[in-house]
Asks: 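I have a structure I would like to understand better, so I am pasting it below and will then ask my questions one at a time.
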Amino acid sequence: MQYVDGVEKKMWKTVSDFLRHKASDPFSMKQQASFSNCLAMHKRGELGTADLKKMKCCLYPKTEEFFCMWLERRMRKQTLDKFGLNYEILRDKALEINSKFPMEKDFRCSIKWICKIKKRLKLVSVKLHGEGEEMSESDFAQAKELFQEKLWSVIRQHKVSAGAIYNADQTGLFYNKLPNFTFVRESERKTVRGCKKMTSKDRLTLMICTSAAGGKVPIALVGKSVRPRCFDLIPGTCGVPLPYINQKNAWFDQTVSLWWLKNVFWPHHTRTHGLGVTAILLLDNCTAHKELNDPTYRLANRIPDELIIIFLPPNTTSKLQPADMGIIACLKVGYKITMLRKLLTLFDEDGGFQAVANARANARRGCKGLAVGGKAHVLDVMQILAKLWNEDRKYARTQSVKNCWLKADVLPPEIAALLRGTPNNSADISTTDTSTAAETPQSDNAPASENEFLPELVAALQQTNVSVRNDSVASSVPVFENSILTHEISTEDLHKAGEVWVNIEDDPFVLEA
């Protein structure tokens with residue numbers, strides 16, 4: 001016996017003594033054994049907590065039942081009609097179903113109710129991209145096989161080298177857009193504001209063209225202005241850094257495609273390989289390209305006979321086109337990082353904010369570019385892209401271009417084997433010399449991907465400060481204060497925000513706006 005504060009306390013030696021004591025509820029032998037086993041398991045660390053949840057009564061059983069049935073049916077049909085869903089459509093459908101059951105009143109169909117249905121059915125939201133999944137895997141495999149047979153036969157028939165096999169694709173570039181994706185605390189939700197650059201829709205269209213040997217054709221730009229005013233900044237003896245043409249919508253039409261073919265692509269091919277050398281150009285099925293294979297059109301516009309244009313199968317460009325394997329994405333990441341670094345160089349200097357503000361006030365209209373801390377103009381874009389594209393460095397490496405061609409898997413086995421075996425040789429690789437061509441493992445260098453450079457992009461954004469001098473006192477002010485970049489969130493969320501910004505040019509809602 002023990003006495004604590006004058007009260008008798010009995011110390012039980014075993015669990016059985018405690019269970020049999022008259023002060024406790026009587027337990028059967030089976031219950032005693034079960035309790036003892038559980039206690040022993042708990043001491044050994046083998047007994048975990050049970051995942052128990054309180055069951056709640058469903059307030060709208062019929063509405064929920066029929067809504068889930070409709071949602072399951074809608075998911076099955078989506079593979080055929082390709083129609084997407086959003087919360088507004090789901091809410092309207094739930095309200096429509098609820099109207100058929102008068103006994104279930106006061107149903108408002110909140111977003112929270114829909115989210116609970118999604119969680120119960122284990123549904124997740126996905127973003128649908130282009131035509132990448134508009135055919136089944138079997139149809140894609142068949143289309144790929146037929147395309148490979150056609151392309152390989154042409155390559156072998158004309159003995160075309162890897163350096164003379166090209167792929168070209170257009171892409172839009174919102175060259176002034178800054179990140180507009182952020183996370184904030186709930187208390188700061190109504191105080192955070194953006195800026196005009198976050199919604200800038202200044203767009204240029206780029207034509208990106210590479211060869212299977214890693215060669216890079218000069219990037220062509222299409223804008224709306226006939227001659228942008230920023231071209232006045234170019235010295236009289238120099239030309240524009242990259243080919244430029246105007247079109248009313250800044251997009252590739254039939255006329256622009258012909259201009260690019262005759263003034264950019266073919267001159268580059270003849271300078272690289274000489275006259276009379278056959279070239280193969282892989283293009284998608286854009287309407288601006290279709291006339292390029294018409295014999296009458298080719299004759300009237302004097303398109304060289306040595307140029308063989310082969311169109312990729314419909315709805316397969318996301319898997320078969322080398323440009324879509326990472327070449328375009330990495331170039332865009334490189335442009336946006338370089339643009340931010342140019343601004344950082346100006347604003348991070350002592351008194352830099354006021355200095356560039358004065359310079360910008362004195363600059364001519366249309367010429368207030370990155371050099372004075374303003375919005376990038378067409379000449380800035382050309383200079384950044386030309387430097388990235390012409391140097392065999394990050395964002396546009398020759399080996400990365402080769403890896404993208406290998407990933408697309410459109411080249412004959414003998415050329416693919418030679419590409420894998422010559423990682424540092426960007427010269428023409430002839431298909432006639434196949435005696436030593438054997439299948440070798442692909443290079444360890446992975447195909448270029450925008451995800452590789454997202455950490456660097458986010459780091460550049462986090463360093464964006466403005467130096468301000470007031471009364472001879474210098475201070476540094478973060479540009480992105482109260483944004484995702486100044487809050488403690490996960491690295492994964494930061495990289496996701498960067499990815500949204502990088503891929504904004506491919507968002508159909510933005511293009512249609």
Asks: Determine the minimum heavy-atom distance between Ala396 and Leu388, stating which atoms define it.
Replies: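 Closest approach of Ala396 to Leu388: CB-O, 3.5 Å.
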
Asks: Tell me the side-chain hydrogen bond (donor to acceptor under 3.5 Å, both in side chains) pairs involving residues 91-101, sequence neighbours left out?
Replies: Thr63-Asn98

Asks: Rounded at 0.5 Å granularity, tell me how far CD1 in Ile117 sits from NZ in Lys112.
Replies: 13.5 Å

Asks: Measuring only between side-chain heavy atoms, which start at C-beta, is Arg203 closer than 4.5 Å to Leu173?
Replies: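 Side chain of Arg203 against side chain of Leu173, heavy atoms only: no contact under 4.5 Å found.
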
Asks: Give the C-alpha distance, both sets of side-chain angles, the deciding distance and a yes or no for side chain to side chain contact (heavy atoms under 4.5 Å, CB included) between Leu331 and Val333.
Replies: CA-CA 5 Å; Leu331 183 65; Val333 173; over 6 Å; no

Asks: Check whether the side chains of Thr210 and Trp405 place a donor and an acceptor atom closer than 3.5 Å, and report yes or no.
Replies: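 Yes, side-chain donor-acceptor contact under 3.5 Å.
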
Asks: Any side-chain heavy atom of Leu281 within less than 4.5 Å of one from Leu261?
Replies: yes

Asks: Could you give the distance from OG1 (Thr338) to CG (Asp380), rounded to the nearest 0.5 Å?
Replies: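 Thr338 OG1 to Asp380 CG: 12.0 Å, rounded to 0.5 Å.
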
Asks: Does the side chain of Pro243 come within less than 4.5 Å of Pro218's, by heavy atoms?
Replies: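 They are in side-chain contact.
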
Asks: Ignoring hydrogens and geometry, is there a side-chain-to-backbone donor-acceptor pair from Glu104 to Lys62 under 3.5 Å?
Replies: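 At least one qualifying donor-acceptor pair exists.
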
Asks: Determine the minimum heavy-atom distance between Asn246 and Lys224, stating which atoms define it.
Replies: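 Nearest heavy atoms, Asn246 then Lys224: CB-O, 3.9 Å.
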
Asks: If you define the side chain from C-beta out and look only at heavy atoms, does anything of Val410 sit under 4.5 Å from Phe147?
Replies: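 Heavy-atom side-chain distance check passes, below 4.5 Å.
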
Asks: Between the main-chain N or O of Leu312 and the side-chain N or O of Asn285, is there a donor-acceptor pair closer than 3.5 Å?
Replies: yes

Asks: To the closest 0.5 Å, what do you measure between NZ (Lys105) and CE (Met103)?
Replies: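 Separation between the atoms: 10.0 Å.
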
Asks: Which heavy atom in Met325 sits nearest to a heavy atom in Cys404, and how many Å separate them?
Replies: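 Shortest heavy-atom contact: CG-O, 3.5 Å.
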
Asks: Just verifying a value: how many Å separate Leu90 CG and Leu71 CG, rounded to the nearest 0.5 Å?
Replies: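 CG of Leu71 is found 6.5 Å from CG of Leu90.
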
Asks: Using the side chain to side chain contact (heavy atoms under 4.5 Å, CB included) rule, pick out the option among Leu385, Ile337, Thr171 that qualifies with Lys332.
Replies: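 The option that passes is Thr171.
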
Asks: Is it true that Gln321 and Asp284 share a donor-acceptor pair across their side chains at a distance under 3.5 Å?
Replies: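 No donor-acceptor contact under 3.5 Å links the two side chains.
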
Asks: Set out, in order, the CA-CA distance, both residues' side-chain angles and the distance that settles side chain to side chain contact (heavy atoms under 4.5 Å, CB included) for Met207 and Val217, then state yes or no.
Replies: CA-CA 9 Å; Met207 186 61 145; Val217 179; over 6 Å; no

Asks: Does any part of the side chain of Pro61, heavy atoms only, come nearer than 4.5 Å to the side chain of Phe66, both counted from C-beta?
Replies: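 In short, these two side chains do not touch, never coming nearer than 4.5 Å.
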
Asks: When you look at NZ of Lys118, are more than 12 heavy atoms from neighbouring residues, nucleotides or ligands closer to it than 6.0 Å?
Replies: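 Atom NZ in Lys118 is crowded, with more than 12 foreign heavy atoms closer than 6.0 Å.
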
Asks: Would Leu320 and Phe140 count as a side chain to side chain contact (heavy atoms under 4.5 Å, CB included) here? Give the steps.
Replies: CA-CA 10 Å; Leu320 290 183; Phe140 171 75; 4.0 Å; yes

Asks: Between Trp113 and Phe67, how do the two ring planes meet: parallel, tilted or perpendicular, split at 30° and 60°?
Replies: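 Rings of Trp113 and Phe67: tilted, 30 to 60°.
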
Asks: For the rings on Tyr335 and Tyr175, is their centre-to-centre separation under 6.0 Å?
Replies: no

Asks: Dump the intermediate steps for side chain to side chain contact (heavy atoms under 4.5 Å, CB included) on Phe174 and Asp202, then the final yes or no.
Replies: CA-CA 6 Å; Phe174 290 94; Asp202 299 332; over 6 Å; no

Asks: Does the side chain of Leu258 reach to within under 4.5 Å of the side chain of Val256, using non-hydrogen atoms?
Replies: no

Asks: Are any non-hydrogen side-chain atoms of Leu221 and Leu204 less than 4.5 angstrom apart?
Replies: yes

Asks: Give me the atom names and distance for the closest heavy-atom approach of Trp260 to Cys209.
Replies: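 The pair with the smallest heavy-atom distance is CZ2-CB, 3.8 Å.
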
Asks: Can you name the closest pair of heavy atoms from Ala376 and Asn176 and give their distance?
Replies: N-OD1, 2.7 Å

Asks: Verify, without hydrogens or angle tests, whether Thr205 (side chain) and Ala250 (backbone) share a donor-acceptor contact under 3.5 angstrom.
Replies: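 The answer is yes, because a donor-acceptor pair under 3.5 Å joins these two groups.
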
Asks: Please check if any side-chain donor atom of Lys216 sits under 3.5 Å from a side-chain acceptor atom of Thr398, or the reverse.
Replies: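 The criterion, which ignores hydrogens and geometry beyond distance, is not satisfied for Thr398 and Lys216.
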
Asks: Hey, could you give me the CD1/CZ distance between Ile97 and Phe107, rounded to the nearest 0.5 Å?
Replies: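 Ile97 CD1 to Phe107 CZ: 8.5 Å, rounded to 0.5 Å.
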
Asks: Is there a side-chain contact between Leu206 and Val222, using heavy atoms and a 4.5 Å cut-off?
Replies: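 No, side chains not in contact.
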
Asks: Sequence neighbours left out, what passes side chain to side chain donor-acceptor pair (under 3.5 Å) with Lys144? Give chain and number order.
Replies: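 In terms of side chain to side chain donor-acceptor pair (under 3.5 Å), with neighbours along the sequence ignored, Lys144 is linked to Asp409.
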
Asks: So, the side chain of Asn167 versus the backbone of Leu282: is there a donor-acceptor pair under 3.5 Å, distance only?
Replies: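 Indeed, once roles are kept as given, a pair shorter than 3.5 Å links the two residues.
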
Asks: Can you confirm if the aromatic rings of Tyr60 and Phe101 lie within a centre distance of less than 6.0 Å?
Replies: no

Asks: Measure the spacing between CD of Glu414 and CD1 of Ile155 and express it to the nearest 0.5 Å.
Replies: 8.0 Å

Asks: If we ignore hydrogens and angles and just use 3.5 Å, is the side chain of Asn293 paired with the main-chain N or O of Ile309 as donor and acceptor?
Replies: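 Side chain of Asn293 to backbone of Ile309: a pair is present.
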
Asks: Looking at every heavy atom in both Phe311 and Lys290, which two are closest together, and how far apart are they?
Replies: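 In terms of heavy atoms, the two residues are closest at CZ-CA, 4.1 Å.
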
